[in-house]
Amino acid sequence: MLTNSQNIILKDQLTQNDIDHLIKKWDLDPTIFTYPNSSIEVARFIPIDSNKLKNGHLLVSFDLLSNNLPIEQELIPIFTIFDQNHLFIGTTASCSELKPQENIIETIFQSLCIQIKHIQSELVTIKQEIDRLDQAARKTTKTKELKKVTDLTRQLVYLKHTLDDQTPSLEEFGNYLVENKLANPARVKSIMTKQKRITKMIHVYTDLLDSISGLFTAMMDSHLNHLMKYLDSAALVIALPALISGIWGMNVGGLPGKENENGFWILIIFASLLTIGWGIFLKSKKYND
């Protein structure tokens with residue numbers, strides 16, 4: 001636990017005992033911490049009914065860890081509870097970057113900037129992977145690449161829905177600070193610009209990944225069409241000698257060449273010529289491209 005006074009608490013690796021202690025100390029509604037370590041928590045900015053806090057408010061935002069876990073485990077809610085004289089910022093994850101600042105609002109701003117920086121850093125990595133997949137989609141339909149597209153899509157879906165919740169919450173928070181003259185409007189706008197920037201990046205990257213997924217599908221369809229054309233062409237080529245051999249293999253009289261001692265070879269040559277000619281015709285029609 002990092003503190004700079006009795007009324008400012010910055011706590012990472014938050015446990016249930018820590019939560020219970022805070023609820024009792026500040027007279028908080030326990031439902032605030034229903035999902036303290038889950039990505040299904042909802043970003044929000046709401047007033048708090050507490051006898052210990054004067055005009056207290058709750059801000060729930062999200063940080064993104066980089067620990068090679070599934071995205072739903074990397075997205076961790078950050079709980080910020082404050083009034084004019086008290087501040088609590090807590091998360092179940094580890095966040096050693098957060099340090100107490102000169103006042104409560106600046107400490108909150110620093111927390112938000114750290115969260116935005118983590119998400120932006122992950123988005124840079126995602127963009128690099130999207131660029132690689134874009135090139136790969138033009139050349140291959142390997143299962144490994146398709147799985148990577150699925151994984152990235154999952155990441156962006158979680159990030160998109162999380163940021164879509166968080167952006168209006170931060171706007172409400174910023175409006176509250178400006179209306180009550182608790183922060184410089186320019187400082188608030190700076191935070192909101194960063195937030196909107198990463199939100200736009202997520203939407204753009206989601207659309208890019210959708211187009212790449214469509215390209216993979218189109219490439220797979222194209223490869224399948226080419227394969228079917230090849231197989232159909234091969235079947236047509238084989239069908240000619242099969243038809244001829246089937247006719248001359250009938251156990252009936254009157255077949256030409258029956259009494260000719262070279263009839264077998266004549267038939268073979270005739271079937272071969274027809275087959276070669278039919279194959280050249282199919283190739284000229286580009287049925288196997």
Side-chain angles (χ1 to χ4, degrees), residues 12-13 35-44 59-79 91-98 111-171 190-227:
D12 61 356
Q13 299 180 336
Y35 299 103
N37 60 350
S38 174
S39 59
I40 66 171
E41 181 59 274
V42 178
R44 59 197 185 276
L59 173 65
V60 178
S61 54
F62 280 84
D63 197 0
L64 181 64
L65 308 179
S66 181
N67 50 17
N68 296 320
L69 292 175
I71 183 63
E72 56 267 35
Q73 297 180 37
E74 290 186 340
L75 273 173
I76 300 296
I78 306 292
F79 296 88
T91 174
T92 57
S94 177
C95 186
S96 58
E97 296 176 64
L98 183 58
S111 175
L112 292 174
C113 286
I114 290 172
Q115 296 165 43
I116 292 172
K117 182 185 72 173
H118 289 167
I119 296 174
Q120 194 165 23
S121 176
E122 181 65 19
L123 287 175
V124 170
T125 302
I126 289 175
K127 180 58 167 61
Q128 293 172 348
E129 190 63 22
I130 288 175
D131 290 341
R132 187 188 68 80
L133 288 172
D134 180 57
Q135 295 301 316
R138 305 169 192 270
K139 302 175 183 178
T140 182
T141 56
K142 291 182 179 179
T143 303
K144 179 182 178 181
E145 308 301 336
L146 293 174
K147 287 181 177 179
K148 190 60 181 177
V149 169
T150 302
D151 292 340
L152 279 181
T153 300
R154 182 185 181 89
Q155 279 185 277
L156 288 174
V157 165
Y158 268 93
L159 288 172
K160 181 178 178 181
H161 285 278
T162 299
L163 271 293
D164 283 348
D165 280 345
Q166 183 165 302
T167 299
S169 299
L170 291 186
E171 287 178 343
S190 175
I191 293 291
M192 286 311 307
T193 299
K194 293 178 181 180
Q195 175 69 21
K196 290 179 180 179
R197 185 177 292 120
I198 62 172
T199 301
K200 180 177 180 179
M201 290 169 67
I202 290 172
H203 282 267
V204 170
Y205 295 169
T206 299
D207 290 343
L208 284 176
L209 199 59
D210 286 343
S211 68
I212 292 173
S213 180
L215 181 57
F216 267 111
T217 301
M219 290 291 289
M220 291 178 67
D221 290 342
S222 177
H223 289 175
L224 181 60
N225 287 338
H226 289 169
L227 177 62

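One-based numbering along the sequence shown.
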Inset, instruction - Rounded to the nearest 0.5 Å, what's the gap from OG1 on T167 to NZ on K200? Could you check? - result: 13.5 Å
Inset, instruction - Please tell me if the side chains of L65 and Q73 come closer than 4.5 Å, counting only heavy atoms from C-beta onward. - result: no
Inset, instruction - Taking atom types as modelled, find out whether Q166 and S61 have a side-chain donor-acceptor pair closer than 3.5 angstrom. - result: no
Legend entry - Point-to-point distance, once rounded to the nearest 0.5 Å, from CD of E41 to CD1 of I76: 11.0 Å
Legend entry - Set of residues satisfying salt bridge (charged side-chain N to carboxylate O under 4.0 Å, His left out) with respect to E129, sequence neighbours excluded: R132
Legend entry - CG-CD1 distance between L133 and I126, expressed to the nearest 0.5 angstrom: 11.5 Å
Inset, instruction - Could you check if a side-chain atom of E171 sits within less than 4.5 angstrom of a side-chain atom of Q195, using non-hydrogen atoms only? - result: no
Inset, instruction - Looking only at non-hydrogen atoms, find the nearest pair between P77 and S38 and report the distance. - result: CD-O, 3.5 Å
Legend entry - Option passing side chain to side chain contact (heavy atoms under 4.5 Å, CB included) with T153 (candidates L156, V157, D151, T150): V157
Legend entry - Spacing of Y205 atom OH and I130 atom CD1 [to the nearest 0.5 Å]: 7.0 Å
Inset, instruction - Give a yes or no on whether the backbone of S111 and the side-chain of Q115 come within a donor-acceptor separation of less than 3.5 Å. - result: yes
Legend entry - Main-chain N/O of S39 paired with E72 side-chain donor or acceptor, under 3.5 Å: no
Legend entry - For A43 against S169, the heavy-atom pair lying closest together: O-OG, 3.1 Å
Inset, instruction - Have a look at T91 and tell me which of D63, N37, D12 forms a side chain to side chain contact (heavy atoms under 4.5 Å, CB included) with it. - result: D12
Legend entry - Test side-chain hydrogen bond (donor to acceptor under 3.5 Å, both in side chains) applied to E122 - qualifying residues, sequence neighbours left out: Q155
Legend entry - Separation between CD1 of I119 and CG of L64, rounded to the nearest 0.5 Å: 6.0 Å
Legend entry - Student check: side-chain heavy atoms of L123 and I202 closer than 4.5 Å: yes
Legend entry - Rounded distance [0.5 Å steps], CD in Q120 versus NZ in K194: 8.5 Å
Legend entry - Contact summary for F79 and Y35, nearest pair of heavy atoms: CZ-O, 4.0 Å
Inset, instruction - Take H203 and D164 through the test side chain to side chain contact (heavy atoms under 4.5 Å, CB included) and record every step on the way to the result. - result: CA-CA 10 Å; H203 282 267; D164 283 348; 3.1 Å; yes
Legend entry - Backbone N/O of K117 and side chain of S121: donor-acceptor pair under 3.5 Å: no
Inset, instruction - Could you point out which residue of L159, L170, V204, L163 forms a side chain to side chain contact (heavy atoms under 4.5 Å, CB included) with T199? - result: L163
Legend entry - Heavy-atom donor-acceptor pair, S211 side chain to L208 backbone, under 3.5 Å: yes
Inset, instruction - Decide, yes or no, whether a salt bridge links D131 with K127 under the criterion of side-chain N to carboxylate O below 4.0 Å. - result: yes
